[in-house]
Structures are given as structure tokens and as C-alpha cells.
Visitor: 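Before we start, here is the structure in question, set down as C-alpha cells.
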Amino acid sequence: MIIVLVVLEMVEPIIAYIVIGFIMSITAILILVAGLSPAFRNTISGLLLLSTDSINKGDWVQIGDDNTGEVLAQGLVMTSIKTRTGDIIDLPNEIILKNRIHNYTKLGGTLDRIALKVKSEMEQEQVEAILLKAAEGLDESDRKSVV
């Protein structure tokens, strides 16, 4: 950088302004292109998630309305969650920040994990749907206490 400044001192002022303007334009274009990149946005989102400590490995979370499970790994670009059914989903960090984060672990563990062995003629998905329907409304963390 010092060499550039020394060289610019030796040329005409108008040329120096053109070179400085060119360097500033290239820098602005690079910042704009990086900002449009999904990987860059996810990395910035990952840094925000890590710095706010909103979710951590091992937490039971609900991201938005559909993604509930245990955080298996949290990286700069993606976060892995293991759902109740054992599926592992990778969510881009930008998606996590755009949705509501309900961290059951940090709220005092309002989400209970229960392992059941059910013998039934029905398919696993049907049994799970019945149990989930029966459990609806049990989460009282969003309700306001009456004084």
C-alpha cells in the first residue's frame, strides 16, 4: 500500500484520483458480489449465531414451524439437527436467522424427550401422528401466566 502511495505522489494528481477511484470501485464491486453470495451470507449468519449463543450443540430447538430436534453440529455455514424421527437435516444458517428460534433447552427444558415402544398393527408414521396430536398444547412456554 505504501508503494502505491509513493507511486501516486510521482504522477499527475488527476491520474492519482483516477487510480484511487478505480481501486475504490473494484473494492465496492467485490463487497457487493460477496454480499450476494449464499456462502458469504450463511457465514455471516453463522458468526451471528455463534456470537449470540442462541443455539448450541446438544440443545433441543424448533426452527420455524417444521424443524424440531437436537442440534448435532453448528458450523459457520450450516447447522445439523436430528429430528424426533431420527432424520438429520442440515439447515443453512441464513434460514435459521430468518425463522423463529425456540430453544427448549435454554427455556428450562420445556420439551421432554420420551422413548416409547409401541406394538401396533399401524404404521410407525400413523402411531407417531396420533402421539403428536395427543401432545399438542402441552408446550406452555408461549402462554402468559395469570396473576
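Values in this document were obtained by computation on a predicted structure and should not be read as measured data. Residues take their numbers from the sequence shown, with the count starting at 1.
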Visitor: Taking it one step at a time, do V71 and N56 satisfy side chain to side chain contact (heavy atoms under 4.5 Å, CB included)?
Guide: CA-CA 7 Å; V71 178; N56 296 308; over 6 Å; no

Visitor: Mind checking the OG-CG spacing from S45 to L76? Nearest 0.5 Å is all I need.
Guide: 10.5 Å

Visitor: I'd like to know if the side chain of N93 reaches the main chain of G75, judged simply by a donor and an acceptor atom lying under 3.5 Å from each other, with no hydrogens or angles considered.
Guide: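 Flag set: sc N93 to bb G75 pair under 3.5 Å.
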
Visitor: Atom CD1 of I23 and atom CD1 of I18: how far apart are they, to the nearest 0.5 Å?
Guide: 12.5 Å

Visitor: So which heavy atom on L72 is nearest to which on K57, and how close?
Guide: O-CE, 3.2 Å

Visitor: Below 4.0 angstrom, N of the basic side chain to O of the carboxylate: do R41 and E94 qualify?
Guide: yes

Visitor: List in chain and number order the residues that pass side chain to side chain donor-acceptor pair (under 3.5 Å) with D66, two or more places apart in sequence or in another chain; answer none if no residue qualifies.
Guide: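 Applying side chain to side chain donor-acceptor pair (under 3.5 Å) to D66 gives none.
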
Visitor: Hey, mind stepping through D90 and T79 against side chain to side chain contact (heavy atoms under 4.5 Å, CB included) and telling me if it holds?
Guide: CA-CA 6 Å; D90 293 325; T79 298; over 6 Å; no

Visitor: Between N103 (side chain only) and T105 (backbone N and O only), is there a donor and an acceptor less than 3.5 Å apart?
Guide: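 Between the backbone of T105 and the side chain of N103 there is a qualifying donor-acceptor contact (under 3.5 Å).
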
Visitor: Where the side chain of N99 meets the backbone of I95, is there a donor-acceptor pair that is under 3.5 Å apart?
Guide: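 Side chain of N99 to backbone of I95, a donor-acceptor pair under 3.5 Å: yes, one is there.
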
Visitor: Ignoring hydrogens and geometry, is there a side-chain-to-backbone donor-acceptor pair from D87 to T83 under 3.5 Å?
Guide: no

Visitor: One pair to check against side chain to side chain contact (heavy atoms under 4.5 Å, CB included): N67 and Q62. What are the steps and the verdict?
Guide: CA-CA 5 Å; N67 302 309; Q62 181 177 6; over 6 Å; no

Visitor: Would I81 and I63 count as a side chain to side chain contact (heavy atoms under 4.5 Å, CB included) if you check the C-alpha gap in whole Å, the side-chain angles of each, and the deciding distance to 0.1 Å?
Guide: CA-CA 10 Å; I81 297 175; I63 310 295; 3.8 Å; yes

Visitor: From E70 CD over to D59 CG, what is the distance, rounded to the nearest 0.5 angstrom?
Guide: 9.0 Å

Visitor: Can you name the closest pair of heavy atoms from S80 and I88 and give their distance?
Guide: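 In this case the closest contact between S80 and I88 is CB-CG2, 4.4 Å.
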
